[in-house]
**Student:** 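One structure follows; several queries about it will come next.
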4 protein chains.
Amino acid sequence: MNKSRLEAFSDGVLAIVITIMVLELRVPEESSWGALRDVAPTFLTYLLSFVYVGIYWNNHHHMLQLASKVNGAVLWANLHLLFWLSLLPFTTSWMDETGFDPVPTALYGIDLLLAAVAYFVLQRTLINGQGSDGPLAQAVGRDWKGKLSPVLYLAGILASFWVPYVGVAAFVVAALIWLVPDRRVERFVAEHGTSGRG
Amino acid sequence: MNKSRLEAFSDGVLAIVITIMVLELRVPEESSWGALRDVAPTFLTYLLSFVYVGIYWNNHHHMLQLASKVNGAVLWANLHLLFWLSLLPFTTSWMDETGFDPVPTALYGIDLLLAAVAYFVLQRTLINGQGSDGPLAQAVGRDWKGKLSPVLYLAGILASFWVPYVGVAAFVVAALIWLVPDRRVERFVAEHGTSGRG
Amino acid sequence: MNKSRLEAFSDGVLAIVITIMVLELRVPEESSWGALRDVAPTFLTYLLSFVYVGIYWNNHHHMLQLASKVNGAVLWANLHLLFWLSLLPFTTSWMDETGFDPVPTALYGIDLLLAAVAYFVLQRTLINGQGSDGPLAQAVGRDWKGKLSPVLYLAGILASFWVPYVGVAAFVVAALIWLVPDRRVERFVAEHGTSGRG
Amino acid sequence: MNKSRLEAFSDGVLAIVITIMVLELRVPEESSWGALRDVAPTFLTYLLSFVYVGIYWNNHHHMLQLASKVNGAVLWANLHLLFWLSLLPFTTSWMDETGFDPVPTALYGIDLLLAAVAYFVLQRTLINGQGSDGPLAQAVGRDWKGKLSPVLYLAGILASFWVPYVGVAAFVVAALIWLVPDRRVERFVAEHGTSGRG
């Protein structure tokens with residue numbers, strides 16, 4: 001089955017998620033820099049979620065490059081990932097509007113964690129269709145980022161109940177780790193081509 | 001006529017429908033797990049409608065795989081389907097905000113029923129363009145899911161006037177039936193290729 | 001220059017326009033059929049605008065089929081069309097919320113008229129790039145629909161100041177004329193192929 | 001790496017940004033031309049931002065035509081551009097709702113300036129991947145528009161603190177300069193083909 005519609009639908013959902021979050025940025029009633037400063041926490045929270053959706057889009061983009069065909073299981077694993085990402089505007093808003101209270105901050109991390117799990121499941125589903133010596137399995141390799149970030153999310157969730165800003169810091173660090181571009185797929189493609197096997 | 005724009009436009013509409021529903025999830029004012037529990041019914045209703053849009057997207061994806069060409073009648077049959085699906089955010093909200101009252105719950109089912117009818121009409125329109133021995137007609141076959149789900153919607157609509165939760169249960173069961181991936185098209189493609197005829 | 005991005009961007013804008021209009025459908029507070037009946041005018045207005053966006057998408061789809069290349073002038077003529085269509089949610093809302101008062105109903109017609117003019121300009125711009133014996137010029141032919149509908153919009157605008165419902169009736173009739181599928185392009189493609197010239 | 005998904009995702013985000021701004025157009029409560037006149041400043045502000053998104057979409061379209069491959073750095077440079085453009089609905093609203101007060105008008109210009117910088121960075125990143133004798137570097141050439149518009153934005157930002165309408169005038173002039181279609185890429189393609197090198 002063709003993967004182009006899976007990509008197009010995912011692009012559509014992620015483009016909407018990334019854009020509707022900006023609707024949460026309430027226009028200040030006053031016209032001063034001070035009024036703008038009050039929006040700053042919302043702005044930074046928006047930036048963090050924007051970066052996360054960007055990370056998922058980039059990683060999704062890279063991963064699908066090495067996927068040759070998709071089946072029904074892949075379609076649903078992908079929708080599962082999109083579901084948790086579609087909740088980001090909600091979890092972002094709650095965390096922001098309550099001023100980074102413990103429970104909302106933890107929920108933000110839980111959403112990130114569930115999206116990471118869904119991404120892992122999608123990756124596994126794609127690899128299963130190729131075999132463990134397929135191009136995706138080789139490109140993913142040891143996947144230390146994919147293993148480290150859930151740990152950071154979990155640490156952040158727990159820390160949120162203690163000092164929420166420490167929790168947020170963990171989520172920021174996890175984002176920064178992913179911001180360093182993931183060259184595994186690019187390197188693999190450079191060495192083997194998109195359909196190459198070792 | 002080329003089918004790629006039909007797919008792209010449908011992907012766009014479905015991506016927006018599936019994503020704007022999350023805007024209905026009102027951010028709680030309190031920061032407790034209890035406040036979150038109050039959102040739970042809305043969350044589950046959102047999940048149900050998300051799954052339904054996902055089902056339609058998956059089925060649409062499979063069906064169009066076996067469609068070779070589209071004409072004006074197909075374009076309108078497709079817009080007809082998108083119309084009923086575009087009303088899902090409205091019917092979902094009304095059912096949810098009234099706490100699953102009889103009329104709104106029945107209306108949710110009526111929307112699902114009309115979408116199912118529209119999907120059937122689209123399928124027929126595509127098959128008519130291929131002839132009854134075309135790949136889509138063969139892949140669809142006896143289509144027991146397509147015949148069972150309208151019966152479930154109808155039963156759910158009627159049950160809504162008696163005990164709305166029984167109606168909702170019928171809609172959940174119909175969704176679960178579709179969640180089991182539909183392998184007819186995949187099997188057909190595996191056996192005959194996308195353009196094969198028996 | 002490639003036309004696929006022009007199509008994709010237009011598909012995106014039209015998909016959003018057609019979908020955000022449903023956000024105007026206010027969820028009734030009561031749970032009765034009577035409460036739903038109060039939404040009926042909004043629903044029918046939404047249906048009319050949905051059909052209009054559908055008509056434009058269909059015609060745009062057909063027209064671009066016969067366009068071989070696009071240049072900067074085409075990109076802007078296309079954005080000009082999308083601009084007037086993007087105002088439909090606004091003009092639809094105003095007409096609906098004021099209960100079909102004269103000025104808002106006339107403005108709805110003015111928006112339709114300006115979109116029709118923009119469509120005509122886009123068509124001319126595409127034909128200019130092909131020459132008057134190009135496939136699009138031949139397929140468009142005498143274009144009686146394209147000439148009749150602006151007259152109907154104009155009549156509807158004027159009638160709105162007298163009896164607004166007569167104005168709305170004119171807009172409905174113009175939509176119905178377009179709903180009859182436009183077979184000119186399909187016939188042309190069947191006879192000559194997409195790039196054929198007489 | 002394939003550039004089609006980068007284009008599709010950008011098309012999606014820009015289509016949403018350009019369309020959700022119209023949601024800011026508040027439907028007047030009265031039904032008179034006078035009520036509509038009160039919406040006129042918002043309408044014109046919407047038009048200005050619509051044109052700016054259109055300009056970016058057009059330029060992005062042209063630039064990507066001459067890009068052969070994209071890597072991780074290009075994906076992030078592109079997301080960086082989309083970020084500043086996604087803030088346009090916010091900065092547009094603030095400027096409009098405060099009646100063109102100094103700080104909000106300056107912020108609108110700052111957003112335009114940051115988007116221009118992001119566009120420049122994206123262009124540089126793409127050129128770096130091709131070498132300074134690549135097709136994009138040659139097509140871009142001296143790029144007087146790209147150099148003049150940041151100066152106009154900066155002048156407009158400063159002028160906003162003095163007479164905001166002068167600031168807005170600078171942003172309008174910068175848009176008009178871009179509205180004149182940029183024929184550099186078209187000319188280059190006509191002379192050399194999309195992959196040609198002098």
Side-chain angles (χ1 to χ4, degrees), chain C residues 1-21 23-24 53 69-107 110-111 125 129 160-161 164, chain D residues 3-37 39 42-43 46-47 49-55 57-62 64-66 178-190 194:
Chain C
M1 214 186 305
N2 199 301
K3 73 181 174 185
S4 65
R5 269 193 86 179
L6 180 90
E7 294 179 327
F9 185 71
S10 308
D11 285 351
V13 171
L14 294 180
I16 298 159
V17 168
I18 218 170
T19 320
I20 60 174
M21 281 190 298
L23 295 176
E24 300 294 335
V53 178
K69 48 187 171 182
V70 296
N71 55 25
V74 170
L75 298 188
W76 279 109
N78 190 59
L79 277 164
H80 178 221
L81 170 62
L82 295 178
F83 179 74
W84 295 116
L85 293 176
S86 81
L87 288 174
L88 264 185
F90 171 77
T91 54
T92 304
S93 274
W94 199 32
M95 178 171 71
D96 172 61
E97 288 185 15
T98 59
F100 299 92
D101 272 345
V103 172
T105 306
L107 189 75
I110 291 170
D111 194 11
T125 311
S160 299
F161 293 106
Chain D
K3 73 181 172 184
S4 65
R5 269 194 85 179
L6 180 91
E7 294 180 327
F9 185 71
S10 308
D11 286 349
V13 170
L14 294 181
I16 298 159
V17 167
I18 217 171
T19 320
I20 60 175
M21 280 189 300
V22 84
L23 295 174
E24 299 295 334
L25 282 174
R26 300 257 170 72
V27 173
E29 293 191 11
E30 281 176 55
S31 303
S32 60
W33 293 115
L36 197 61
R37 201 177 45 218
V39 186
T42 312
F43 175 80
Y46 170 60
L47 177 59
S49 293
F50 187 101
V51 166
Y52 264 113
V53 178
I55 287 166
W57 180 75
N58 272 11
N59 290 349
H60 193 270
H61 183 159
H62 279 82
L64 265 290
Q65 291 262 325
L66 293 179
W178 283 106
L179 267 181
V180 182
D182 194 336
R183 303 217 181 281
R184 285 172 299 170
V185 167
E186 289 175 32
R187 198 180 306 128
F188 184 88
V189 170
T194 52

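In what follows, chains are A, B, ... by sequence order, proteins preceding strands, each numbered from 1. Not measured: the values here are computed from a predicted model. Values below: all heavy atoms of this structure, side chains included; hydrogens, waters and symmetry mates excluded.
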**Student:** Counting heavy-atom pairs under 4.5 Å to chain D, which of C/Leu87, C/Ile20, C/Leu23 comes out on top?
**Tutor:** C/Leu87
**Student:** Could you look at D/Ile18 and say if it's the side chain, the backbone, both or neither that has a heavy atom under 4.5 Å from chain C?
**Tutor:**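 For D/Ile18, the side chain is the part near chain C, not the backbone.
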**Student:** Does any heavy atom of chain C fall under 4.5 Å from the side chain of D/Ser31, the backbone, both, or neither of them?
**Tutor:** both
**Student:** Give me the ring orientation class for D/Trp57 and D/His61: parallel if the planes are under 30° apart, tilted from 30 to 60°, perpendicular past 60°.
**Tutor:** perpendicular
**Student:** Relative to chain C, which of D/Ser32, D/Ser10, D/Ala35 shows the most heavy atom pairs under 4.5 Å?
**Tutor:** D/Ser32
**Student:** Which answer fits D/Leu14, side chain, backbone, both or neither, if we ask what part of it has an atom under 4.5 Å from a heavy atom of chain C?
**Tutor:**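 Both parts, heavy atoms under 4.5 Å.
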**Student:** Under a 4.5 Å heavy-atom cutoff, which of C/Ser4, C/Gly12, C/Pro104, C/Pro89 has the most pairs with chain D?
**Tutor:**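 Among C/Ser4, C/Gly12, C/Pro104, C/Pro89, the one with the most close pairs to chain D is C/Pro104.
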**Student:** Over all heavy atoms of both residues, which pair between D/Ala15 and C/Phe9 is shortest? Give the atoms and the distance, please.
**Tutor:** N-CE1, 3.6 Å
**Student:** Report which part of D/Val39 has an atom under 4.5 Å of a heavy atom belonging to chain C: side chain, backbone, both, or neither.
**Tutor:** side chain
**Student:** Within the 4.5 Å heavy-atom criterion, are D/Leu36 and D/Phe43 side-chain neighbours or not?
**Tutor:** no
**Student:** For C/Val103, is there any backbone N or O sitting under 3.5 Å from a side-chain donor or acceptor partner on C/Asp101?
**Tutor:**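 No: the side chain of C/Asp101 does not pair with the backbone of C/Val103.
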**Student:** For C/Trp84 versus C/Asp111, what's the shortest heavy-atom pair and its separation?
**Tutor:**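 Looks like O-OD1, 2.8 Å.
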**Student:** Does C/Trp94 use its side chain to pair, donor to acceptor, with the backbone of D/Glu30 at less than 3.5 Å?
**Tutor:**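 Checking the backbone N and O of D/Glu30 against the side chain of C/Trp94, a donor-acceptor pair under 3.5 Å is found.
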